[in-house]
2 protein chains.
Amino acid sequence: MENRDELDRCDCTVIHKHVVNAVKRKMPPEEDLYDLAELFKVFGDSTRIRILWALSESEMCVCDIAVLLNMTQSAISHQLRVLKQAKLVKNRRDGKVVFYSLDDDHVKHIFEEGLVHINE
Amino acid sequence: MENRDELDRCDCTVIHKHVVNAVKRKMPPEEDLYDLAELFKVFGDSTRIRILWALSESEMCVCDIAVLLNMTQSAISHQLRVLKQAKLVKNRRDGKVVFYSLDDDHVKHIFEEGLVHINE
DNA sequence: TTGTCATATGAGCAATTATTCATACGACTA
DNA sequence: TAGTCGTATGAATAATTGCTCATATGACAA
């Protein structure tokens, strides 16, 4: 037990001051960790995960995805919007049909790391 | 444009039947993708992300984390519970103090893949 | 035992969010 | 031009969730 200090609105007492200070010094900018959480939040929904998985197999249009996942076109379209804003998917238009595909290979890598943990 | 079929509660028409069928055949069990989404959901909160980052630097007790992040002990404790259920952190008791640390190295890997995407 | 400190937890509230419904947009076709 | 098909989107709703507050538990000290 080392020094103790009261801080801000925390209801705690610092127990290991040097540890807290050492970690605090290395802490990345608040914003970076926030962005990281936002990215994972996009992966944190089973509908979006299934869409991403499907697109990792093949480029697909909105209707096909809706049929594949047995969901409405509207629901899929809303989620594709979220995925596109996160730059996880891109799209191209061919007449009336819009085809979606993964934006890059990071997505697959993140998937794979996740699966490693699941199957530990 | 190939065959078309109406299916279940979907308001869509299959446009590219062979694509849908090919992807459907390769589709992992519903449950696996659900579990994957659940895992990412745990990463999808900035408080938990910051806790995980802190623990990737050093083992820490609940109070220290609360002070570091300027949050209440209760809030941190609740989140540590979530992280533990997801098997992302483990803990050991030393008298009154409980120390938390990362459960394995998968966590860091998942982090790093996420950062790659952020900094693309 | 009694008191204190570190942590855990249940209930309640506020904020977020995934889906539905209705409708608008945009491109092709008759 | 009018109609149809694929897609996008705003509003509303139901469900989820992170935090707070109050309190409980568990370990040590006096």
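Here is the naming used below: chain letters follow the sequence lines, and residue numbers restart at 1 for every chain.
Of all nucleotides listed (dA18(C), dG18(D), dT7(D)), dA18(C) comes nearest to the side chain of Gln79(A).
Comparing Arg50(A) and Val98(B) along DNA chain C, the residue whose closest nucleotide (by nearest heavy atom) sits nearer the 5' end is Val98(B).
Whole-Å rounding puts the Leu69(B) CG to dT20(D) P distance at 12 Å. Taking atom CG of Leu83(B) as the reference point, atom C1' of dT17(D) lies 14 Å away to the nearest angstrom. Distance Leu80(B) CG to dA6(C) P: 16 Å, rounded to the nearest Å. Taking atom CZ of residue Phe99(B) and atom P of nucleotide dA27(D), one finds them 16 Å apart after rounding to whole Å. Between Ile76(A) atom CD1 and dT20(C) atom C1' there is a gap of 13 Å when expressed in whole angstrom units. The CD1-P distance, from Ile15(A) to dC5(C), rounds to 11 Å in whole Å.
Note: Lys41(B) NZ to Ile49(A) CD1 = 10.0 Å, rounded to the nearest 0.5 Å. Taking CG of Leu39(B) as the start and CG of Leu115(A) as the end, the distance is 9.0 Å to the nearest 0.5 Å.
Residue Lys84(A) is classed as having no contact, given no heavy-atom separation below 4.0 Å to the nucleic acid. Within 4.0 Å of Tyr100(A), counting heavy atoms only, lie sugar-phosphate atoms of the nucleic acid but no base atom.
One hydrophobic cluster holds both Ile118(B) and Val82(A) under the rule that ILVMFWY side chains link at heavy-atom gaps under 4.5 Å. In the hydrophobic clustering of this structure, Tyr34(B) does not group with Leu55(A); members are Ile, Leu, Val, Met, Phe, Trp, Tyr whose side-chain heavy atoms approach within less than 4.5 Å, directly or through other members.
Without hydrogens or angle criteria, Arg48(B) side chain to Val42(B) main chain gives a donor-acceptor distance under 3.5 Å.
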Please tabulate the protein-to-nucleotide N/O contacts below 3.5 Å involving nucleotides 21-26 of chain D, giving atom names and distances.
unit_1  : atom_1 : unit_2   : atom_2 : d
dC21(D) : N4     : Ser74(B) : OG     : 2.7

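Residues His16(A) and Phe99(B) bring their aromatic ring centres within 6.0 Å.
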